[in-house]
Every structure is written in C-alpha cells, then in structure tokens.
J.: 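The structure under discussion is supplied below as structure tokens; questions concerning it will follow.
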Amino acid sequence: MKKTAIHLAFLSFTVLVIVFSIWGPEWLAGYKDRTVLDRINTQTSEIEGEGYRYRLSSNEKLYILSKALNGQSVPESEQNALTRPGEEEKEYQELDGNYAFIINHRGPTGKEITDEQIFSTCNQMLADLKEMGILPDAVKEVRGGEYDAVLYSAIDVLEPRNNVAVWKVSLSTNIKNADKRNRLIDVYLDGDDGKVYEFYARTELKWEDIDPDELIEKWRSYMGLSSPQVYETENPLLESTPYYKKYVFSGEGEERCIVTVGFYEGINELFLKISK
C-alpha cells in the first residue's frame, strides 16, 4: 500500500513536470507581458548622458564658423555692395568643401535666441561692446523695422553634430538713402548666448584712433578665447583696404582660424571678422 502511494505520487509529479514543460513557458510569457504592456516603466541608466556630449569650446565654434563662412564667396562689406547677392542666392552658397553655412529653416529649437528676442539681444551685446571700448558709444541701437535678422547654421559636414547656430543682423537694403553714419551694418551673433563673432560698423573714428591689438584682446576676453598670435604676411591683396591687422587663433586640433581687425577709409567702417 505504501509503495502504491509512492508510485502514485511519483507519477503525479512526473505528469506535473511534463505539463509545466509544455504550458509553463507560455504562461510565464503571458504573465510577464501583463506586467509590462500598457504600463509606463522607468529605469535609471548608469550611463545616462554619455555618448551625446557635443558641447563645443569657444575656439572650436570660432573655427567651425570661420570655415563655413570662408566656404562662401559672399562679400561682407558695403565696399562690395554692387556684387552682393540677394538673400535668396545666399542660401545655396554653402557647399564648398567640408563646411556649410545655410539658412536654418527650422528656426530656434527652444535653446537658441528666438525671433522675438534677437533685436533686444543684439542691442544688449552692442551695449557690452561699447562698455568694453570695442565700439564707440555713438553707434546707434538696432531696430526691427530697419534691420533684417536671419538664423543660420554653420555645419561641419563630415561631423554634423558639430554645428553652430548664428544670427546675422543686417541693416535692411530695402531702406533707400538711409543715413548709415554711426550705424551697425552687419553683425553675426552666437545663436545660444548672443556673443558677437563679427561686426561691421560705421563710426566717426579714423584708423589712427584704433589700436587693433587692444581691440582684439578685449574681444578675445569677451568671447572666452585663447590668446592669438599676430598673423605675419607680406601679401598686400588679402584685404581691399590697407588698414587692417590679422590674428591667428587655434581652432580644432592643429587647425587655426584668422581674425581680422580692419577699417574702410572714406565710409569710416570699422570691422572685426573671422571670414576672409
């Protein structure tokens, strides 16, 4: 009798094992699905934030923008106004080499300065440049009705994650016979913090009133850049004016970019530019 009970128990256990081996995995999978599907589950990752860190240094941003601007053949001063193309042409002058400078049709993503903020930001940056002695106090503020603002992206085509958002604010060409004395003509501002990369401004200064070494040092400190070296060259054709001085800043790795402080006599236009 005792042996019979043991045999029955063993037989029952064997049957249960066989049944579980057949139906068990399906039942467990269904149970797991019920605990996961139609529910919001959160999990803390130990590597959160890693693998998507493309924060560029000031020198890297300067380098990318300079390469992108140098990839176009757009004149940057009213000295060449007769050959300056319209905005509709500029949009397509971006694919020269490995860097592109294109209109950002998507607009600000929420991190950049918006259309509504750009003119007030520009005036704040203008005030900062005046306070530092980079621009004279007589330079007038910009106003929306008189200036155009376009958001661009300077992109490293081979590494698109390396890009710089830039606002270009320009005195509108739609205003006929505008008085340009003591006016900002063009300015490029960083799309994130509004810092000024380039500017062209009509002033009452003469070239002999300007100390380019002092101006570049103030601008370098303002931008948070490393110290530059004077760019020595014997080529007199680098600029369409004899009044300029060039400086070399380190860029990305062994790369470098050139920043120019210059002056157009006759129209009294002071400029600081990172493009050719």
Side-chain angles (χ1 to χ4, degrees), residues 56-66 69-70 76-77 113 118-142 147 154 164-171 180-233 238-239 241-252 255-265 267-276:
L56 300 170
S57 69
S58 296
N59 281 69
E60 288 172 331
K61 292 170 77 172
L62 184 74
Y63 174 76
I64 291 171
L65 180 56
S66 70
L69 289 174
N70 286 338
E76 293 300 334
S77 168
I113 298 164
I118 183 57
F119 292 115
S120 60
T121 299
C122 185
N123 284 325
Q124 179 57 58
M125 292 304 106
L126 187 58
D128 292 341
L129 296 185
K130 292 177 182 179
E131 185 176 351
M132 288 181 290
I134 294 175
L135 284 176
D137 292 336
V139 176
K140 302 173 183 177
E141 290 189 341
V142 304
Y147 284 80
V164 184
V166 182
W167 278 101
K168 182 179 181 182
V169 179
S170 305
L171 185 63
K180 298 181 177 66
R181 289 177 299 177
N182 293 313
R183 300 291 294 270
L184 199 63
I185 304 300
D186 284 317
V187 62
Y188 287 88
L189 302 105
D190 187 275
D192 296 327
D193 58 21
K195 290 294 182 67
V196 176
Y197 288 107
E198 286 195 11
F199 66 80
Y200 293 78
R202 299 289 179 88
T203 74
E204 297 176 354
L205 297 175
K206 303 295 183 183
W207 178 243
E208 53 267 26
D209 301 324
I210 301 166
D211 184 339
D213 292 338
E214 181 181 352
L215 192 152
I216 202 70
E217 174 57 27
K218 291 176 179 178
W219 178 79
R220 178 207 68 78
S221 177
Y222 158 76
M223 294 294 294
L225 299 165
S226 57
S227 296
Q229 299 293 324
V230 175
Y231 180 65
E232 301 289 353
T233 177
L238 289 178
E239 297 291 338
T241 173
Y243 306 112
Y244 67 88
K245 192 167 185 178
K246 292 181 177 288
Y247 303 85
V248 180
F249 285 84
S250 61
E252 183 179 0
E255 302 289 353
R256 63 181 190 172
C257 61
I258 297 173
V259 177
T260 305
V261 176
F263 183 80
Y264 292 117
E265 191 176 37
I267 59 174
N268 284 21
E269 187 167 298
L270 170 66
F271 64 86
L272 183 149
K273 66 175 182 176
I274 63 174
S275 55
K276 290 180 181 177

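If you read the sequence from its start, that first residue is 1, and numbering goes on from there. Keep in mind that the numbers below use all heavy atoms, side chains included, and drop hydrogens, waters and symmetry copies.
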J.: For Glu198 and Val259, run side chain to side chain contact (heavy atoms under 4.5 Å, CB included): C-alpha distance rounded to whole Å, both residues' side-chain angles, the deciding distance at 0.1 Å, then the answer.
T.: CA-CA 9 Å; Glu198 286 195 11; Val259 177; over 6 Å; no
J.: Taking the side chain as every heavy atom from C-beta outward, state whether Lys61 and Asp190 have any atom pair closer than 4.5 Å.
T.: yes
J.: Short question: side chain of Gln229, backbone of Val248 - any donor-acceptor pair under 3.5 Å?
T.: no
J.: Tabulate below the donor-acceptor pairs under 3.5 Å that side-chain atoms of residues 125-141 make, not counting sequence neighbours, or state none.
T.:
unit_1	atom_1	unit_2	atom_2	d
Asp128	OD1	Gln124	NE2	3.1
Lys130	NZ	Asp137	O	3.4
Lys130	NZ	Val139	O	2.5

J.: To the closest 0.5 Å, what do you measure between CG (Asp193) and OG1 (Thr121)?
T.: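 That separation rounds to 10.0 Å.
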J.: A side-chain contact here means heavy atoms from C-beta on lying under 4.5 Å apart; do Ile113 and Asp192 qualify?
T.: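 They are not in side-chain contact.
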J.: Of all heavy-atom pairs between Leu171 and Tyr147, which one has the smallest distance, and what is that distance?
T.: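 Shortest heavy-atom separation between Leu171 and Tyr147 comes out as N-CD2, 3.3 Å.
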J.: So Arg181 and Glu204, salt bridge (Lys or Arg N to Asp or Glu O under 4.0 Å) or not? Walk me through it.
T.: CA-CA 8 Å; Arg181 289 177 299 177; Glu204 297 176 354; over 6 Å; no
J.: Tyr264 pairs by ring pair (Phe, Tyr, Trp, His ring centres under 6.0 Å) with which of Phe271, Tyr243, Trp207?
T.: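 Filter result, single survivor: Phe271.
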J.: Identify the two heavy atoms, one from Tyr222 and one from Val196, that lie closest to each other, and give their separation to 0.1 Å.
T.: OH-N, 3.0 Å
J.: Could you report the tightest heavy-atom contact between Cys122 and Leu184, atom names first, then the distance?
T.: SG-CD2, 4.1 Å
J.: Can you check whether Leu215 reaches Leu272 side chain to side chain, under 4.5 Å on heavy atoms?
T.: yes
J.: Could you tell me the separation between the OH atom of Tyr63 and the SG atom of Cys257, rounded to the nearest 0.5 Å?
T.: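 If we round to the nearest 0.5 Å, Tyr63:OH and Cys257:SG are 8.5 Å apart.
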J.: Quick check: do Trp219 and Glu217 have side-chain heavy atoms less than 4.5 Å from each other?
T.: no
J.: Does a salt bridge link Glu232 with Lys246, judged by any charged N lying under 4.0 Å from a carboxylate O?
T.: no
J.: Minimum heavy-atom separation for Leu270 to Gly262, with atom names?
T.: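 Scanning both residues completely, I find the closest heavy atoms to be CD1-O, 3.4 Å.
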J.: Measure across Ser226 and Asn59 and return the closest heavy-atom pair with its distance rounded to 0.1 Å.
T.: OG-ND2, 3.0 Å
J.: Counting distance only, does the side-chain N/O of Ser58 pair as donor-acceptor with the main-chain N or O of Leu225 below 3.5 Å?
T.: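 Answer holds: no.
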J.: Any luck finding a side-chain donor-acceptor pair between Asn268 and Thr203 under 3.5 Å?
T.: no
J.: Hey, are the side chains of Ile185 and Lys180 touching, using non-hydrogen atoms and a 4.5 Å cut-off?
T.: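 In short, these two side chains touch, coming nearer than 4.5 Å.
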J.: Do Asp186 and Lys168 have side chains that approach each other closer than 4.5 Å (heavy atoms only, starting at C-beta)?
T.: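 Side chain of Asp186 against side chain of Lys168, heavy atoms only: contact under 4.5 Å found.
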J.: Sub-3.5 Å donor-acceptor pair from the side chain of Asp209 to the main-chain atoms of Lys206, do we have one?
T.: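 Yes.
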J.: Would Thr260 and Lys273 count as having a side-chain donor-acceptor pair, cut-off 3.5 Å?
T.: no
J.: Can you name the side-chain contact (heavy atoms from CB on, under 4.5 Å) partners of Ser227, sequence neighbours left out?
T.: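 side-chain contact (heavy atoms from CB on, under 4.5 Å) list for Ser227, sorted by chain: Arg220.
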J.: Strictly distance-based, threshold 3.5 Å: is any side-chain N or O of Trp167 a donor or acceptor partner for the main-chain N or O of Gly194?
T.: no
J.: Using side-chain contact (heavy atoms from CB on, under 4.5 Å) as the criterion, list what pairs up with Glu214, not counting sequence neighbours.
T.: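 By the side-chain contact (heavy atoms from CB on, under 4.5 Å) rule, Glu214 matches Asp211, Lys218.
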J.: Would you compute the distance between atom CZ of Arg256 and atom CG of Leu62 and round it to the nearest 0.5 angstrom?
T.: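 Rounded to the nearest 0.5 Å, the CZ-CG separation comes out at 13.5 Å.
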J.: Tell me, do Tyr244 and Val261 make a side-chain contact under 4.5 Å, heavy atoms counted?
T.: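 They are not in side-chain contact.
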J.: Minimum heavy-atom separation for Ile274 and Tyr197, please, with both atom names.
T.: CG2-O, 3.8 Å
J.: Less than 6.0 Å separating the ring centroids of Tyr247 and Tyr231?
T.: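 No - the distance between ring centres of Tyr247 and Tyr231 does not fall below the 6.0 Å cut-off.
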